[in-house]
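When a ligand or atom number is given, it counts from 1 through the structure's own listing order. This structure is a prediction, so every number in the text was calculated from the model and none was measured.
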Amino acid sequence: MADLSVHIGKLELKNPVLTASGTFGYGIEYVDFMDLSRIGGIFVKGTTFHPREGNDYPRMVETPSGMLNAVGLQNKGIDYFISDIYPKIKDIDTNMMVNVSGSTVEDYVACAERMNELDKIPAIELNISCPNVKQGGMAFGTNCSGASEVIKAVRKVYHKTLIVKLSPNVTNIAEIAQTAEAEGADAVSLINTLLGMAIDAERRKPVLSTITGGLSGPCVKPVALRMVYQTYKAVKIPIIGLGGISNATDAIEFILAGATAIQIGTYNFIDPEISVKVVDGIHEYLDRHGFQSVQELIGALS
Ligand SMILES: Cc1cc2nc3c(=O)[nH]c(=O)nc-3n(C[C@H](O)[C@H](O)[C@H](O)COP(=O)(O)O)c2cc1C
């Protein structure tokens with residue numbers, strides 16, 4: 001069987017298949033459905049320094065080939081994560097990584113500092129791309145100076161693998177990725193959700209309480225692939241690609257576009273075992289095409 005292992009910064013992944021933040025809980029919710037040790041890693045729910053209630057309902061709506069969400073980073077904050085969640089997830093036999101968000105630079109830094117102390121969390125994913133919060137979030141990730149400020153500050157206090165999650169709601173994804181690389185990020189992940197909107201024509205009202213929300217699922221895949229491809233041409237650090245992946249072929253396409261690893265998001269809601277199926281499908285593809293290692297496929301478009 002071909003070798004599926006890849007590296008992201010100091011992180012060694014047994015395979016390139018990861019689950020996306022906000023779509024896989026803390027991982028423990030999935031133990032009855034699959035063997036978590038079979039995937040390369042899990043990005044747990046977005047965590048902030050202070051607890052957050054999230055946005056008012058309705059905050060999710062289905063679209064023809066994806067969903068719009070405006071959850072708004074609901075979570076109980078870093079203290080709760082450390083006291084109540086960490087002990088339950090620290091012995092899961094895969095890379096457990098935390099998605100960190102904030103309203104201010106100070107929030108991000110304080111959260112990252114605490115994450116540094118947790119032995120079994122080898123990496124954080126800095127979410128500078130959440131479209132569903134009033135302050136911070138995407139505001140940091142849509143211009144180079146905002147991105148630079150927060151990444152630089154976090155890099156000073158966080159000494160393990162730092163992954164920066166990029167927003168697709170920009171005109172030039174490559175320049176934001178280059179900023180992340182210049183400020184010391186070990187990798188970038190992309191994409192977060194695309195800003196969208198749904199309207200109820202009968203009631204003549206927006207569907208979501210927040211009016212706009214983040215679009216995800218199969219419909220965003222072509223945009224995500226394009227952005228991974230453009231980013232691969234612009235930076236040397238590894239890219240984690242995501243957006244609309246629903247099978248192994250989708251995952252292979254992202255790797256060919258330049259991703260070292262991939263994440264599966266919305267599709268976990270449709271098939272909770274999808275990530276393991278994608279691992280098997282990548283093996284099958286590599287064997288069928290005679291590749292020894294998945295690394296041979298990274299950016300290997302002919
Ligand atoms: C319900 C929901 C909650 C999400 N929460 C987060 C989050 O807390 N942090 C984050 O960086 N991304 C979050 N995302 C974005 C996903 O991680 C992912 O970037 C996006 O959905 C695109 O991938 P997909 O099309 O495979 O879902 C969320 C997405 C959904 C659908």
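Using modelled atom types, one side-chain atom of K160 and one backbone atom of I121 make a donor-acceptor pair closer than 3.5 Å. Remark: side-chain polar atoms of Y158 are not paired, donor with acceptor, to backbone N or O of A153 under 3.5 angstrom. Counting only distance, with no hydrogens or angles, the side chain of N127 and the backbone of K165 share no donor-acceptor pair below 3.5 Å.
Short contacts between ligand 1 and G46, defined as distances under 4.0 Å to a heavy atom of the residue, involve ligand atoms 8 (O). Near G244, meaning under 4.0 Å from one of its heavy atoms, ligand 1 places the atoms 24 (P), 25 (O), 26 (O). Counting the atoms of ligand 1 from 1 in the order shown, those under 4.0 Å from a heavy atom of M60 are 1 (C). Near L242, with a cut-off below 4.0 Å to any heavy atom, the atoms of ligand 1 are 18 (C), 19 (O), 23 (O).
For N75, the heavy-atom gap to ligand 1 stays at 4.0 angstrom or more.
An N or O contact shorter than 3.5 Å is missing between Q263 and ligand 1 by distance. Considering backbone and side-chain N/O of K45, none are found under 3.5 Å from N/O of ligand 1. For ligand 1, the polar-atom distance check against T23 finds no nitrogen or oxygen pair separated by under 3.5 Å. Some N or O of N127 is nearer than 3.5 Å to an N or O of ligand 1, by distance alone. The N/O atoms of G217, backbone and side chain alike, include one that comes under 3.5 Å of an N/O atom in ligand 1. Residue G265 has at least one nitrogen or oxygen atom sitting less than 3.5 Å from a nitrogen or oxygen atom of ligand 1, judged on distance alone.
What sits closest to atom 20 (C) of ligand 1 on the protein, heavy atoms only, is T193 CG2, 3.8 Å. At the top of the distance list for atom 12 (N) of ligand 1, counting protein heavy atoms only, stands K165 NZ, 3.0 Å. Among all non-hydrogen protein atoms, the one lying nearest atom 22 (C) of ligand 1 is I191 O, 3.7 Å. The protein heavy atom nearest to atom 9 (N) of ligand 1 is N99 OD1, 3.0 Å. The single protein non-hydrogen atom nearest to atom 7 (C) of ligand 1 is S21 OG, 3.5 Å, given as residue, atom name and distance. Counting only heavy atoms of the protein, atom 15 (C) of ligand 1 lies nearest to N192 OD1, 3.4 Å. In this structure, atom 29 (C) of ligand 1 lies nearest to the protein heavy atom N69 ND2, 3.7 Å. Annotation: atom 5 (N) of ligand 1 to nearest protein heavy atom, G22 CA, 3.4 Å.
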(request) Begin from the C-alpha positions of I199 and V207 and carry the test side chain to side chain contact (heavy atoms under 4.5 Å, CB included) through to its verdict. (result) CA-CA 5 Å; I199 290 178; V207 177; 5.7 Å; no

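Side-chain contact, N69 with T193: no donor N or O sits under 3.5 Å from an acceptor N or O.
Shortest non-hydrogen contact noted between I237 and A185 is CG2-O, 3.7 Å. What you find for S189 and Q263 is that their closest heavy atoms are CB-NE2, 3.9 Å. Nearest heavy-atom pair, D35 versus V276, reported as atom, atom and distance to 0.1 Å: O-CG2, 4.2 Å. The shortest heavy-atom contact between N169 and L195 is OD1-N, 2.9 Å. Residues T23 and G265 approach most closely at OG1-CA, 3.3 Å, considering heavy atoms. Counting all heavy atoms, side chain and backbone alike, G299 lies closest to Y232 at CA-CE2, 3.6 Å.
F49 and Y108 have their aromatic ring centers separated by at least 6.0 angstrom.
With atom 21 (O) of ligand 1 as the reference point, the heavy atom nearest to it among G214, G72, S216 is part of S216.
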